[in-house]
Amino acid sequence: QVRLEESGGGSVQAGGSLALSCAASGNRYSSMTVTCMAWFRQDPGKEREMVARVDRDGTRKYAEFVKDRFTVSKDGARRILRLQMNNVKPDDSAMYYCAAYNSGSWCSDRDPPYWGQGTQVTVSS
């Protein structure tokens with residue numbers, strides 16, 4: 001199976017910044033550069049929601065509530081998915097998960113088959 005490992009979570013003051021990374025490993029992918037990868041988040045009492053994703057062709061999509069604040073990028077050569085979080089808000093507090101689709105797959109609203117363990121982000125007001 002593909003392994004996804006998130007890092008970079010922690011505590012930050014509202015208005016501050018935080019950078020998350022997701023390292024992908026394993027031999028199930030021919031190339032991570034041609035696969036949709038995404039960031040999701042979930043806080044207790046809330047539904048899981050998509051934060052940002054990079055599609056098979058490199059195009060990016062963001063949830064409305066993070067537009068102009070977060071930036072997602074993918075380093076295909078090193079198989080790393082990043083999420084730069086700027087001007088964070090208390091509502092951004094959640095467990096953030098890295099996810100990936102099968103090799104060659106386009107992004108969709110279906111749940112990705114591969115998930116990391118998550119990294120906690122806590123924003124204090």
Side-chain angles (χ1 to χ4, degrees):
Q1 295 291 330
V2 172
R3 172 169 289 182
L4 304 174
E5 298 183 24
E6 304 94 337
S7 63
S11 299
V12 63
Q13 295 286 331
S17 299
L18 202 64
L20 307 183
S21 296
C22 170
S25 62
N27 298 322
R28 302 295 293 272
Y29 284 121
S30 297
S31 175
M32 295 295 293
T33 62
V34 296
T35 300
C36 173
M37 296 185 70
W39 286 100
F40 290 81
R41 72 185 187 187
Q42 186 169 30
D43 198 41
K46 298 181 179 180
E47 297 181 352
R48 186 181 66 200
E49 55 191 1
M50 192 276 290
V51 178
R53 64 194 189 191
V54 181
D55 214 332
R56 180 174 178 270
D57 62 354
T59 58
R60 306 172 186 181
K61 183 178 181 180
Y62 298 90
E64 289 294 331
F65 48 82
V66 303
K67 284 186 176 179
D68 302 321
R69 298 192 299 119
F70 294 3
T71 301
V72 64
S73 61
K74 182 169 64 178
D75 183 344
R78 298 198 298 162
R79 297 193 291 183
I80 297 176
L81 184 72
R82 306 183 190 276
L83 183 68
Q84 179 64 47
M85 306 168 62
N86 296 325
N87 191 25
V88 295
K89 305 175 181 180
D91 284 348
D92 293 325
S93 296
M95 184 72 74
Y96 282 72
Y97 298 92
C98 176
Y101 289 80
N102 287 316
S103 180
S105 297
W106 294 92
C107 295
S108 74
D109 291 332
R110 301 293 298 274
D111 288 342
Y114 304 112
W115 296 82
Q117 293 297 314
T119 184
Q120 181 67 46
V121 172
T122 302
V123 181
S124 59
S125 59

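Computed from a predicted model, the values in this text were never measured in an experiment. Only this structure's heavy atoms are used, side chains among them; waters, hydrogens and symmetry mates stay out.
A pairwise comparison of heavy atoms in Met37 and Cys22 identifies CE-SG, 4.5 Å as the closest pair. Across every non-hydrogen atom of Glu64 and Lys67, the tightest pair is OE2-NZ, 2.7 Å. Heavy-atom minimum distance, Ala14 versus Ser125: CB-CA, 4.3 Å. In terms of heavy-atom proximity, Ile80 sits nearest to Ser21 at CG2-CB, 4.4 Å.
Put simply, OG1 on Thr119 and CG on Leu20 are 6.0 Å apart, with the number rounded to the nearest 0.5 Å. Atom CG in Leu4 sits 10.0 Å away from atom CH2 in Trp115 (nearest 0.5 Å). The CZ atom of Arg41 lies 9.5 Å from the CG atom of Leu83; values are rounded to the nearest 0.5 Å. Interatomic distance, Gln117 CD to Met95 CE, rounded to the nearest 0.5 Å: 9.5 Å. Atom CG of Leu18 and atom CD of Gln13 lie 12.0 Å apart (nearest 0.5 Å). A distance of 4.0 Å separates CG of Asp92 from CZ of Phe70, quoted to the nearest 0.5 Å.
Remark: side-chain polar atoms of Arg69 are paired, donor with acceptor, to backbone N or O of Asn87 under 3.5 angstrom. Looking only at distances, a side-chain donor or acceptor of Tyr101 sits under 3.5 Å from a matching main-chain atom of Arg110. Between the side chain of Gln120 and the main chain of Gly9, no donor-acceptor pair closer than 3.5 Å is present.
For the pair Ser93 and Val121, the minimum side-chain heavy-atom distance is 4.5 Å or more. Put simply, the side chain of Ser73 does not reach to within 4.5 Å of the side chain of Gln84, judged on heavy atoms. Put simply, the side chain of Phe65 does not reach to within 4.5 Å of the side chain of Asp91, judged on heavy atoms. In this structure, Thr59 and Val54 have side chains that are not in contact, with every pair of non-hydrogen atoms separated by 4.5 Å or more. A heavy-atom distance below 4.5 Å is not found between the side chains of Phe40 and Val51. For the pair Glu6/Tyr97, a side-chain contact is recorded, criterion being any heavy-atom separation below 4.5 Å from C-beta on. Between Cys36 and Trp106 there is no side-chain heavy-atom pair separated by less than 4.5 Å. In this structure the side chain of Asp75 reaches within 4.5 angstrom of the side chain of Arg82, judged on heavy atoms.
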Worked verdict on Met85 versus Val66 for side-chain contact (heavy atoms from CB on, under 4.5 Å): CA-CA 9 Å; Met85 306 168 62; Val66 303; over 6 Å; no
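Only one option out of Ser108, Ser105, Cys107 pairs with Asp55 in a side chain to side chain contact (heavy atoms under 4.5 Å, CB included); it is Cys107.
Remark: Arg48 engages Asp111 in a salt bridge, criterion side-chain N to carboxylate O under 4.0 Å.
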